[in-house]
Every structure is written in C-alpha cells, then in structure tokens.
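Everything numeric here is computed off the predicted structure, so don't read it as measured data.
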Amino acid sequence: MIFVDGKRETKRVAIGCQGGGTHTAFTAGVLKRLLAEKRGDYEVVALSGTSGGAICALLAWYALLLKEDDAEKTAELLDSFWRKDIPAHSFGARMLNDSILWLNRASEATIGVPVSNPYHFPHYPFSPDYWQNELRKMIEKHVHFDEINGELVKPSSPRLFVGAVDVLAGEFRVFKSHKPDEYREAEDNEASAEAFVFNDGRDDGISVEAILASAAIPFLFEAVRIGESAYWDGLYSQNPPISHLTDLDPDEIWIIQINPEEISEEPKTTADIWDRRGQLAGNLSLNQELAFVRRTNELVRKHGIEKPVTKVHRIEMSVPLDAASKLDRSPELIEKLMNHGEEQATLFLETVYKLSKLDRAWEDRDVEAIMELFTEEATIEFLLSSDSSAKEVLYRGKQEIRDLVKRGLRNNLRIEQSRDHRLVAEETNCWLLITADHLRTPAKGRAEAVIREGRIEALIFRPLNDEATEGLQALAGS
C-alpha cells in the first residue's frame, strides 16, 4: 500500500516469471492467485517470462487485455492450459510420459546428461516438429494473436516481455508487446496499432513464434527461426527479463522463482551436477539484474533523484524435485505444483503487507522508523552455521538492536521477502533473503521473521551454506 499526503494510491507491480519445464506449473498457480485477488491496492503494469514462464506470462497478460477487472479469465486460461492440455491424461500419453522419464533418468544415471539431438529424431512420436507443433496448437487455442496485433493492445495496456537467446549472434533477445515510449511518441498516428504494438518491426513483437523461441530447449526442439535469426530457450539468457520491467518505474517487482538459491547437499552424482548447473545458470542473470536494481535504488537515494525506489520480492518454489521431473507431464505432479503455487502466493499476499512498513523504513534508511517496528523485548539471533551445532550471537532489546541495524545499513544490508510463510493464530513466520555487499566478505543468507500484532518479535539469521558464514559473522560483529 502506498500513501501520498494521507491518500491511498494503487501500487504499480511488475511480475517476472521464471521457467523450468513442467515445474512452471508452480508459476501458473502463483499467477492465478495473484491476479485473482481484487484488493484494489495494486495493479499489474507488466509481466515478463522465459520458457514456460513466458507461456504463463502470455496467458495472464492476454487475460488482462481481454478483461482487465475480471480474474476469472486468468484462472480459466491458466487452468485450461496446465490442467487440461499439458498433462498426460490418456493411457497412451501416460505410458509415453513414463517411458520418456525412465529413459531420461537412465541416461542421467550413466553419463549425467540427457542425450538427445532434435535433428536426429525425425519420426513420430519423437519428432521435435511434432511436439513443437503440439505446443503451438495449445498456445494458439487460448491466445488469438491476430487480436493482439490488431486493436486489442493499447498504449495503456500492461506490457509483456519474453526472453530468448539468439544462437547465431550470441545475444540476449527480448520480444516486447510495445514500442519504447520515445519511439511511440514520435509516431504521427499514436492511436494506430502499428504505433505501439511492435518495437522496431514485426519480428520484435509478441507472436506464437516468439513464445516458441523462448521455450525452444536445445535438447528437445530445433531452434526457432524468426527473420534471419535462430533462437533457443530463454533459460540461456534472462530468466526472466528484469531490466525491461524497471523501465516502467514500478513500485515493486515480484519474482516467481523456480530455481532454488541454495540446496542442502553438495551435488555428487552426474545427474545432480547437471541439474545444479542448470539452476545456477538460470539464477545468474536474475541475480545480476536484481543487483542492478539495488544499485539504482542506492543512487536514487544518494543523489535525491526524482524516481521511485523499486522494491523486490520473491515467491519461491520450495518443493524439491529432480531434473528429469521437468519433463514429467503426469497430472498428479502438475496439480501438486499448481496448488503449491497458489498456496505460496496466498501466504505471500498475507505477509507482504505485514512487512510493508519494515520494507519501506529499510529502503528509506530510517533507523528510528525501523526501531518502531520491533517490540520492546525483541531479539535478533545469528545462527552462524548451516548445521544443528550452530554458534549463536544474540541481540536483545531495542538498544542492542539499534546498533545492529545501523551496522547493517552501513554495510548495505538488503532484505527481500521470499518464501515459506506460515500463519499461526496471531503470529506470522516468514522468510527473507538477505544480502550485505559492503563487507570485506559479502554476506548472504536467510532471515526468519516472527511477527505478532504487526510488530517484529524476533529475527533469526542463517547462512545459505557454510561458505556464506564468514560474511554473516562480520555482519553479526562476532
């Protein structure tokens, strides 16, 4: 909630959707819940997505274009695609799905890499053309692109950004629903569809080819040709695009994150190593772009630039799954992930408002406003190891906490709401992702916040892993 001169204003929110095969059903569940809430205190001004996240973002965006005040259309499109079209419902489809999973896991167990080349499998049912055309049919069944490229998209409509990678040029590519404002304003006829739907040409707009390009997994599909370029899955580029969202000056960016930041055990099997490699690659560009957002916020505060500070929150999937399950189209898995997404989004919306005052005070670097949010007997605890034998550093009471808050602000301690929220009676437990990059060894970890009656009763900091302990020790002053 944003207040200006005592009046409520609607919060401008941009949503970034990570992709990851059928794991993206989680993203669909999150979007369904976020857009079902009719709170009236936030509006979605943009969506971005990559791979399966691009499909989810497209469906949600299209629903907003058709009925901007009707969440039923969003639920209808997402449910129809993920619960009806994608799952292997029939006996034959289920047998094929199970066979593909078995072969995939068998190859991973022996050499660690799912061996397939889409250019070497010309026959049904392994033909990449067949499966890509099936995906095309599913998308076009729900989204009428001739309407999008006609009169449906307006300059005031929410924007959509879809990530892919140009295989030949070796460059990231973002397909856009609108021209940049400076191009659009220069058009003689601003009301015409051509004035705002495409960036520089028809090859830059939102089309079924752009969505298929973003989802063209190299081991499953041939590269998608658009114009003179060939495109692969956007998981190799921006997952999802973030910098384009910041161009719209949103008040908040909500990231729907599938790839885990941390894992509990070192990958040792070839399959686990391959899976973790993909997760790290998927998060690399995301974290780099979010670091850019944080740096921009610092410059805005430091120099008093008249530009809103953009807050970042994450809604993370917390169901542990193996790499092969990204190809699993079983109805049970997809249902489980969609339900998990809806649950995480519901808890996120409940807790984001409880943390909004802390979030705003922290962004403003207002020590006294931060302290007002702690109870008199509040505690901040550091568990300086990732195992049960953790060394503890405890701060109790407002004076000790005030000194710690000042140290944290000096070292650029950042907090982002993330995952695993729990509501118990009047108490709320939620997780924050924390970073402090002005220390000699940057700190990165999780913090569990315990909130009762709107005030913080406890914060418990934990490192992401043993390697992150040194930075957290420095932050704790131990």
Side-chain angles (χ1 to χ4, degrees), residues 2-3 246 251-253 261 287-314 351-384 392-418 430-451 454-464 468-478:
I2 297 175
F3 292 90
T246 63
D251 299 305
E252 297 188 3
I253 295 176
E261 287 289 321
N287 288 326
Q288 286 178 332
E289 290 198 87
L290 292 182
F292 172 77
V293 173
R294 290 191 290 268
R295 179 58 179 160
T296 301
N297 287 344
E298 288 181 47
L299 294 174
V300 167
R301 287 190 299 266
K302 182 177 180 180
H303 298 288
I305 301 172
E306 292 186 5
K307 179 182 182 300
V309 170
T310 301
K311 303 175 184 66
V312 176
H313 300 298
R314 306 189 196 214
T351 56
V352 71
Y353 297 102
K354 292 178 181 292
L355 289 168
S356 61
K357 291 181 180 179
L358 173 64
D359 195 36
R360 181 171 296 278
W362 204 277
E363 287 290 348
D364 293 340
R365 297 295 197 262
D366 189 334
V367 175
E368 295 310 314
I370 294 171
M371 296 312 303
E372 284 297 315
L373 301 176
F374 285 88
T375 65
E376 291 297 328
E377 298 300 321
T379 60
I380 296 183
E381 185 177 7
F382 288 82
L383 303 180
L384 298 176
E392 298 182 11
V393 176
L394 183 66
Y395 291 82
R396 184 182 297 278
K398 285 198 170 184
Q399 186 54 53
E400 290 186 6
I401 291 176
R402 179 180 282 103
D403 294 338
L404 179 61
V405 166
K406 290 178 179 178
R407 184 189 309 133
L409 293 175
R410 284 197 304 270
N411 289 289
N412 198 36
L413 176 62
R414 314 296 308 154
I415 57 174
E416 297 176 18
Q417 183 177 346
S418 52
C430 59
W431 284 95
L432 307 170
L433 182 67
I434 63 143
T435 57
D437 54 17
H438 287 183
L439 296 160
R440 177 173 297 181
T441 301
K444 189 171 184 179
R446 297 279 183 187
E448 183 179 9
V450 180
I451 302 170
R455 303 181 76 190
I456 299 171
E457 201 169 68
L459 278 175
I460 303 98
F461 289 79
R462 296 178 175 87
L464 289 185
T469 299
E470 185 177 344
L472 209 59
Q473 286 176 332
L475 184 63
S478 64

What are the two closest heavy atoms between [X] and [Y], and how far apart are they?
X    : Y    : answer
A447 : I434 : CB-CG2, 3.9 Å
P463 : L383 : CD-O, 2.9 Å
V450 : I460 : CG2-CD1, 4.3 Å
K398 : R455 : NZ-NH2, 3.6 Å
E377 : R396 : O-NH1, 4.3 Å

Decide yes or no for [X] and [Y]: does some side-chain heavy atom of the first lie under 4.5 Å from some side-chain heavy atom of the second?
X    : Y    : value
F461 : V393 : no
I456 : T375 : no
L459 : F374 : yes
L475 : F382 : yes
R410 : H438 : no

query: Measuring from I380:CD1 to L404:CG, what's the distance to the nearest 0.5 Å?
result: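 One gets 5.0 Å once the value is rounded to the nearest 0.5 Å.
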
message: Do the side chains of E368 and R402 get close enough for a salt bridge, i.e. N-O under 4.0 angstrom?
response: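 Looking at E368 and R402, the cut-off is met.
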
message: Does E400, at its CD atom, have more than 12 non-hydrogen atoms belonging to other residues, nucleotides or ligands within less than 6.0 Å?
response: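 Enclosed.
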
